[in-house]
Amino acid sequence: MNNLIILPILIPFVTAAILIFFHKKVKVQRWFSALSSIATIIAALVLVQKVHTDGIQSLNISSWDAPFGITLVSDMLSALLVLTTSIVAFVCLIYSFKSIGAEREKYYYYPVFNFLIVGVNGAFTTGDIFNLFVFFEVMLMSSYVLIVLGGTKIQLRESIKYLLVNVISSALFVITVAYLYSVVGTLNMAHISQRIAEIGQPGILSVIAVLFLIVFGLKGAIFPLYFWMPGSYYAPPAPVLALFGALLTKVGVYSITRTYTLFFYHDQGFTHELLQLLALVSIIAGVIGAIAYWDIKKVIIYNIIVAVGVILYGVSVMNIDALTGSIFYLIHDMIIKAALFLLVGIMIAITGTSNLKKISGLIKRYPGVGWTFFISALALAGIPPLSGFIGKLLIVQGGFEGSSYVGAAIVLMSSLLVLFSVMKIFINGFWGVHRAYENEDKAPVKWLLISPVILVILSALYGIGTEAILPYISQAAETLANPSMYIDAVLKE
Amino acid sequence: MRSNNNIILETTIKVVLFIIVLFSVYIFFAGHYYPGGGFIGGLMTSGAIVLLLIAYDIKTVATILPVNYRTMTGIGLLFAIGTSAGSLLFNVPFLTHAFGHIEVPVLGEISLHTATLFDLGVYLVVVGVTMTIIQTIGEDE
C-alpha cells in the first residue's frame with residue numbers, strides 16, 4: 001500500500017477541477033497549472049526513487065484486495081514514463097503561456113490540458129486492463145477537446161477523422177477486453193499473466209494478442225494503422241501537437257510493450273514475429289514520409305512513426321539488451337520529439353508558414369533557435385554523446401544477439417535517413433538568404449525558446465549521464481523480461 | 001419562440017416534472033444498497049430538465065433554473081475527488097470509504113456512509129455534463 005502512486009494522477013485532476021471555476025481568469029490558470037505541474041514532477045521523482053530502492057509499488061484502490069479490486073502498479077517503466085510525462089507537460093504548459101492565445105485559454109484550455117495528463121499518467125500507472133481503457137478514454141476525451149479547441153477550419157475537418165478513428169478503436173478495445181475476460185476470467189493484469197501462463201496461451205489468446213496490437217497500434221500509429229495521424233496531428237497548435245506527439249502515441253507504444261511482455265510472451269514465434277514485421281515496415285514507411293515532405297510539421301510527424309517502429313522493434317526482439325534499449329529510446333523520444341515540435345512551432349510563429357520552401361536564413365536573426373534545433377536534430381538521429389545514441393545502440397545490439405540482422409540493419413539505416421530528414425529542415429530553413437517575414441516581430445521567441453532549451457539540456461544530460469541512469473532503465477527492463485516480478489509484487493502482498 | 005401550441009405537453013410536464021425529480025432523488029439514495037446511485041439519478045434529473053426544455057425554450061428554463069452547469073460539474077468533481085482523497089489523510093488506500101451507524105431521534109438508527117458524498121459528486125457531474133451538452137447543441141439553432 002502506497003498512496004504515493006496516485007499523486008501524479010491526483011494532482012493534475014484536482015487542478016483541472018479547480019481551474020473550471022477560474023476559466024475566465026487566465027493568469028490564475030497559468031500559474032496554478034504551472035505550480036501543480038511542478039508538484040507532479042516532484043511526486044514522480046520521489047516515486048521513481050521509491051521504486052528504485054524498494055521495488056515495484058502497488059496500491060489496491062478502495063482497499064479491495066488484488067485481483068478483485070482495481071490495482072495501480074508502479075514498476076520502474078511506468079514510474080519513469082510518469083516522470084517524463086510530467087516534465088514534458090510542464091514544458092508544454094510554459095510554452096502555451098505565450099503561444100496558445102487568450103481565446104483558447106478562456107475556453108478551458110488549462111483544465112483540459114490537466115485532464116489529458118490525468119489520462120496519460122493513469123494509463124501508465126494502472127494495473128488493470130479495463131481501467132487502462134478508462135484512462136485511455138479520459139486521455140482521448142481531453143485530446144478531442146484540445147484538437148478542436150479554437151475551431152479553425154482545418155481543426156474541424158481533422159477532428160472528425162480523429163474522433164471516428166478513436167471511437168472505433170475504443171469500441172474494439174472494449175470488445176478485445178471482453179474476449180480476454182471470457183477466456184481468463186480476470187481483469188487484473190498480473191492475474192491475467194498468471195492465468196495465461198497456466199493455460200499456456202492457446203490459439204484464441206494469440207488472436208486476442210493480435211486484436212490488442214490493432215487497438216494499441218491505432219493509438220500508437222504503427223504501420224498500417226497510422227493513416228489518420230499525419231492529418232490529425234497537423235491541425236492543432238504547436239504545444240498541443242507537442243503533447244500529442246510526445247505523449248499520446250507513446251501511451252499506445254507503452255500498452256503494446258506491457259501486453260506483449262506481460263501477457264503474450266508464450267508464442268513469440270507468431271505474435272512477436274508479427275510485431276517485428278509491422279515495426280520494421282513502420283520504420284520504412286515513416287522514413288519515406290519524413291524524407292518526402294517539404295512541410296516541417298509533416299517531417300517531424302512522420303518521424304514519430306519511425307520512432308514508434310524502432311521502439312517496438314526492440315520490444316519484439318524480447319531480450320534484455322533490446323528491451324533496455326527500447327525503454328531508453330522511448331524516454332529519449334518523448335523528450336526530443338516534444339523539443340522538436342516546440343521548435344517547429346517557433347519557426348511557424350516567426351514565419352507564419354510551415355512550408356519549408358518559403359523559409360530560409362533564420363539563423364541570422366535567431367541563432368538560439370537554430371542551434372537548439374541543430375542539437376535536437378542530432379539527438380533525434382542518435383549521434384553520440386546525445387541521448388538517442390545509447391538507446392539505438394542497445395536495440396541494434398539486442399537485434400544482433402537475437403540474430404535478427406535485417407531488422408537491426410533497417411534500424412541503423414533509418415538513423416541516417418532520419419538525420420537527413422531533419423537536416424533538410426536545418427539546411428533549408430536556417431541557412432541561406434535571410435528573408436523578412438510579416439509577423440516576425442510579434443513572435444515572443446525568447447519566451448518560447450525556454451521550453452525546447454530545457455528539453456534539449458535534459459536530452460544532453462540523459463545522454464551524457466547514461467552511467468547514472470542505466471541502473472534505473474535496467475531495472476525497468478528486468479521487470480519486463482521477468483513477468484513473475486510484476487505478478488509477485490501485485491498478488492503476494 | 002414561446003408558443004402555446006403544445007398545451008397538453010406543458011400541463012403534463014408541470015406535474016410529471018416533480019414526480020421524475022423526486023423519483024431520481026429516491027433512486028439516488030437507493031443506490032446505497034440497491035440498484036441506483038448518482039449516475040442514474042443524475043441522468044434522470046437531466047431527463048426531467050430536458051423535458052422542460054422541450055415544452056418551453058432555453059430562455060424560460062434558464063429563468064426557472066438559473067444554474068451554471070459548468071460550475072456545477074466543477075463542484076461535483078471536487079466533491080468526488082475530495083471524498084476519495086480524504087482517505088489519504090488517514091493513510092489508507094485512495095478511495096477507501098468509511099461508514100458508521102448513528103441514532104437519530106425520530107428515524108431511529110441510520111447508517112451514514114462517505115460513499116454517499118462521492119455519489120453526490122457523481123450526481124452533480126452527470127447533471128452538469130449532460131445539461132451542458134444538451135444546451136450547447138440546443139443553442140446552435
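In what follows, chains are A, B, ... by sequence order, proteins preceding strands, each numbered from 1. From a predicted model like this one, the values you see are computed outputs, not experimental measurements.
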Heavy atoms of other groups near B:Phe79 CZ, more than 12 under 6.0 Å: no
Just checking A:Gln49: does its CD atom have more than 12 heavy atoms from other residues, nucleotides or ligands closer to it than 6.0 angstrom? yes
If you tally heavy-atom pairs under 4.5 Å against chain A, which of B:Ile75, B:Thr73, B:Leu95, B:Asn68 wins? B:Leu95
Which heavy atom of B:Pro93 sits nearest to which heavy atom of A:Ser62, and what is that distance? CB-N, 4.3 Å
Where on A:Phe21 is there a heavy atom nearer than 4.5 Å to chain B: the side chain, the backbone, both, or neither? side chain
Proximity breakdown for A:Leu7 and chain B, heavy-atom pairs closer than 4.5 Å: side chain
Does anything in residues 46-54 of chain B reach chain A? List residues with heavy atoms under 4.5 Å apart, or say none. none
Measuring from A:Leu59:CG to B:Phe94:CZ, what's the distance to the nearest 0.5 Å? 9.0 Å
At a 4.5 Å cut-off on heavy atoms, which part of B:Leu88 comes close to chain A: side chain, backbone, both, or neither? both
B:Phe39, CZ atom: more than 12 neighbouring heavy atoms under 6.0 Å: no
Between B:Val92 and A:Asn3, what is the shortest heavy-atom contact and its length? O-ND2, 2.8 Å
Answer yes or no: does atom NZ of A:Lys153 have more than 12 heavy-atom neighbours from other residues, nucleotides or ligands under 6.0 Å? no
What residue, out of A:Ile6, A:Ile20, A:Ile18, has the most heavy-atom pairs lying under 4.5 Å from chain B? A:Ile6
